[in-house]
Number of protein chains: 2
Amino acid sequence: MGLRERKKEKTRLAILDAALDLFLEQGYDSTTVEQIAGSVDISPRTFFRYFSSKDSLVLWFHDHGEEIITETLRSRPPGEPPFTSMVHGMRAVLGDMQGSTPQDAERFLKLRRVLDDQPRLVGLSVARGAETERRLAAEVAARRGVDPADDRVSHLVVAIAMAAVRVGFECPHKDEPDLGEVVEQMGETITLVESMLRPGWDVQDAREPADPREAPDV
Amino acid sequence: MGLRERKKEKTRLAILDAALDLFLEQGYDSTTVEQIAGSVDISPRTFFRYFSSKDSLVLWFHDHGEEIITETLRSRPPGEPPFTSMVHGMRAVLGDMQGSTPQDAERFLKLRRVLDDQPRLVGLSVARGAETERRLAAEVAARRGVDPADDRVSHLVVAIAMAAVRVGFECPHKDEPDLGEVVEQMGETITLVESMLRPGWDVQDAREPADPREAPDV
DNA sequence: GCGACTTCTGTCACAATGTGACACGACGAT
DNA sequence: ATCGTCGTGTCACATTGTGACAGAAGTCGC
């Protein structure tokens with residue numbers, strides 16, 4: 001790995017950290033890209049070469065999580081019920097968080113505080129999630145052997161799973177929890193949503209429009 | 001109802017219709033506020049007095065739906081399981097859509113085509129949904145008699161319900177369905193999500209702080 | 001109809017985000 | 001050492017969105 005790439009990664013993290021600190025200090029909206037760029041001695045133009053927008057600063061966590069879930073989905077056994085696979089993916093994200101460096105943990109907690117102040121930013125993350133959802137739904141549909149285009153079940157699997165993660169993320173008992181507490185809470189929410197669902201609901205009608213007479217009541 | 005208010009409503013709809021047509025014609029991003037304003041002979045500044053942003057043009061449907069659901073929630077019997085109440089709210093939205101004027105139906109279908117081209121805009125609607133979710137969750141939590149701040153079940157009730165509506169909205173079999181087909185599909189998705197959930201999952205632990213003996217006299 | 005009052009609208013100025021073009025300098029391979 | 005690639009800064013610019021102010025249009029009382 002050359003000097004170039006190391007420097008790039010360093011700059012990227014420097015921007016991220018500077019931005020998070022500024023956001024916490026003076027609010028997200030009151031912080032301009034110019035300020036962020038200034039505090040790490042780069043030009044605003046360069047900022048946009050590292051992050052496609054100011055908003056995308058707060059999406060790195062989401063994007064990272066999506067990667068992990070996608071990888072997990074690909075590695076799960078083919079016959080597994082899709083919601084079970086999604087749960088494994090989400091728990092993989094939690095595992096990754098637990099194994100993260102102290103620096104990353106701090107970034108995560110700072111991000112969480114920023115999002116807490118700005119519901120709009122949570123929405124942003126959810127918005128990105130809607131696009132993610134299409135990709136993951138396609139992945140799930142492929143596993144179920146149905147056409148992704150009009151398979152509601154796959155979409156619902158993903159949508160419900162993501163809703164669970166989000167609720168767990170957003171809904172803390174304490175104002176400034178540590179990483180372990182957030183992870184625990186997200187895990188509990190995943191367990192909760194599992195217990196809410198009727199077992200086996202997602203394995204039944206995977207085989208095409210079979211015989212209408214035996215169409216499961218799902 | 002003075003001339004003023006009628007004129008205002010007329011302008012508002014004119015802007016909306018002009019914008020939808022321009023979006024369908026040349027794409028959302030390629031359409032500027034200046035163009036929209038120009039095509040209804042108002043200044044861009046005035047445009048922003050009718051719609052707080054270009055994005056908010058595509059949120060009127062969402063906002064209208066939220067109103068209906070909130071009203072429905074308030075009118076449901078107090079003891080009803082929260083998810084059931086949410087389902088009633090969503091079906092009320094579908095009922096409203098079926099009873100809408102031809103003009104409104106056309107607007108809705110145009111909006112749907114615009115959203116279909118721009119996943120980001122769906123995300124936007126979902127983002128607004130995340131804020132909506134907090135309000136509705138508070139409403140649901142109030143009905144359940146628990147503290148809205150840390151009640152995951154209420155959040156999940158709302159999140160799952162909204163996910164169902166969104167999936168039904170987004171996932172059409174046809175490219176250009178008529179209003180009835182979209183409504184039917186959304187209805188089916190609501191039914192589907194109902195069948196996925198374990199009956200009664202949302203009534204059980206509401207009585208957590210209800211036991212008088214345990215109620216701490218803080 | 002007339003004047004006073006309120007509300008709506010257009011113009012101007014301006015901030016902030018985001019992009020394209022171009023030149024310069026630092027890195028990397030040979 | 002040299003050439004090509006890649007990162008960066010500068011400049012110019014489009015677009016969205018806001019504040020301030022003046023004038024036009026609607027509203028109400030006479």
Side-chain angles (χ1 to χ4, degrees), chain A residues 1-16 18-20 22-23 25-60 63 114 117-121 123-125 127-128 131, chain B residues 1-16 18-20 22-23 25-60 63 114 117-121 123-125 127-128 131:
Chain A
M1 178 182 304
L3 169 59
R4 232 170 200 159
E5 299 187 14
R6 262 178 295 144
K7 200 171 181 180
K8 234 164 83 173
E9 192 56 23
K10 218 172 97 184
T11 306
R12 189 182 164 77
L13 290 177
I15 295 175
L16 203 49
L20 284 173
L22 284 170
F23 291 161
E25 204 177 304
Q26 53 186 11
Y28 180 85
D29 288 329
S30 320
T31 304
T32 68
V33 171
E34 200 176 351
Q35 280 180 306
I36 300 170
S39 79
V40 287
D41 275 308
I42 59 171
S43 75
R45 187 68 185 87
T46 298
F47 169 91
F48 285 108
R49 289 185 177 114
Y50 279 89
F51 294 91
S52 59
S53 70
K54 181 177 154 187
D55 286 345
S56 72
L57 275 169
V58 300
L59 293 176
W60 99 92
D63 291 343
V114 173
D117 274 1
Q118 288 284 315
R120 191 197 128 240
L121 295 182
L124 220 76
S125 190
R128 174 70 65 100
E131 297 174 45
Chain B
M1 38 142 125
L3 171 59
R4 230 168 201 158
E5 299 187 13
R6 265 178 293 145
K7 199 171 182 182
K8 236 165 81 171
E9 193 56 22
K10 218 172 99 185
T11 305
R12 190 183 163 77
L13 291 177
I15 295 175
L16 203 50
L20 284 174
L22 284 169
F23 292 162
E25 203 177 304
Q26 53 185 12
Y28 181 85
D29 289 329
S30 319
T31 304
T32 68
V33 172
E34 202 177 349
Q35 280 180 307
I36 300 170
S39 80
V40 285
D41 275 307
I42 59 171
S43 74
R45 187 68 184 86
T46 298
F47 170 91
F48 285 107
R49 289 186 177 113
Y50 280 89
F51 293 92
S52 60
S53 70
K54 180 178 155 186
D55 286 345
S56 73
L57 276 169
V58 300
L59 293 177
W60 99 92
D63 291 342
V114 172
D117 274 0
Q118 289 285 320
R120 192 198 128 240
L121 296 182
L124 217 76
S125 190
R128 174 70 65 100
E131 298 172 46

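Below, read A as the first sequence line, B as the second, and so on, with proteins coming before strands; counting in each chain starts at 1.
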Closest to the 5' end of DNA chain C, once B:Ile42 and B:Arg4 are matched to their nearest nucleotides, is B:Arg4

Nucleic acid contacts - residues 5-15 of chain B versus DNA chain C, non-hydrogen atoms under 4.0 Å:
B:Lys8

B:Phe48/B:Val33 under side-chain contact (heavy atoms from CB on, under 4.5 Å): CA gap, chis, key distance, verdict:
CA-CA 9 Å; B:Phe48 285 107; B:Val33 172; 3.8 Å; yes

Mind checking which nucleotides bracket the chain B contacts on DNA chain C, 5' to 3', with an atom under 4.0 Å from a heavy atom?
C:dT6 to C:dT11

Kindly write out the residues that satisfy side-chain hydrogen bond (donor to acceptor under 3.5 Å, both in side chains) with A:Ser43, not counting sequence neighbours, or none if the list is empty.
A:Thr46

Strictly below 4.0 Å, heavy-atom distances to any atom of DNA chain D: list the hits from residues 43-52 of chain A, or just say none.
A:Ser43, A:Arg45, A:Thr46, A:Arg49, A:Tyr50

Identify all side-chain donor-acceptor contacts of residues 5-14 of chain B below 3.5 Å with residues at least two apart in sequence or on another chain.
| from | atom 1 | to | atom 2 | distance (Å) |
| --- | --- | --- | --- | --- |
| B:Thr11 | OG1 | B:Lys7 | O | 2.9 |
| B:Arg12 | NH1 | B:Tyr50 | O | 3.2 |

Would B:Glu25 and B:Thr31 count as a side-chain contact (heavy atoms from CB on, under 4.5 Å) here? Give the steps.
CA-CA 9 Å; B:Glu25 203 177 304; B:Thr31 304; over 6 Å; no

Looking at every heavy atom in both B:Ser56 and B:Ser52, which two are closest together, and how far apart are they?
OG-N, 3.5 Å

What is the distance from atom OG of A:Ser53 to atom CG of A:Leu59, rounded to the nearest 0.5 Å?
7.0 Å

Does the distance from a Lys or Arg side-chain N to an Asp or Glu carboxylate O, for B:Asp55 and B:Arg120, drop under 4.0 Å?
yes

Beyond-backbone contact of B:Ile36 with B:Phe23, side-chain heavy atoms, under 4.5 angstrom:
yes

OG of A:Ser30 to CD of A:Gln35, rounded to nearest 0.5 Å, is 8.5 Å

Would you say B:Phe47 and B:Ile15 make side-chain contact, with heavy atoms under 4.5 Å?
yes

Would you say that more than 12 heavy atoms from the other residues, nucleotides or ligands in this model lie under 6.0 Å from the CD of B:Glu34, or not?
no

Determine, stepwise, if the pair B:Leu124 / B:Gln118 fulfils side-chain contact (heavy atoms from CB on, under 4.5 Å).
CA-CA 10 Å; B:Leu124 217 76; B:Gln118 289 285 320; over 6 Å; no

Between residues 26-40 of chain B and DNA chain C, which residues have a heavy-atom gap below 4.0 Å?
none

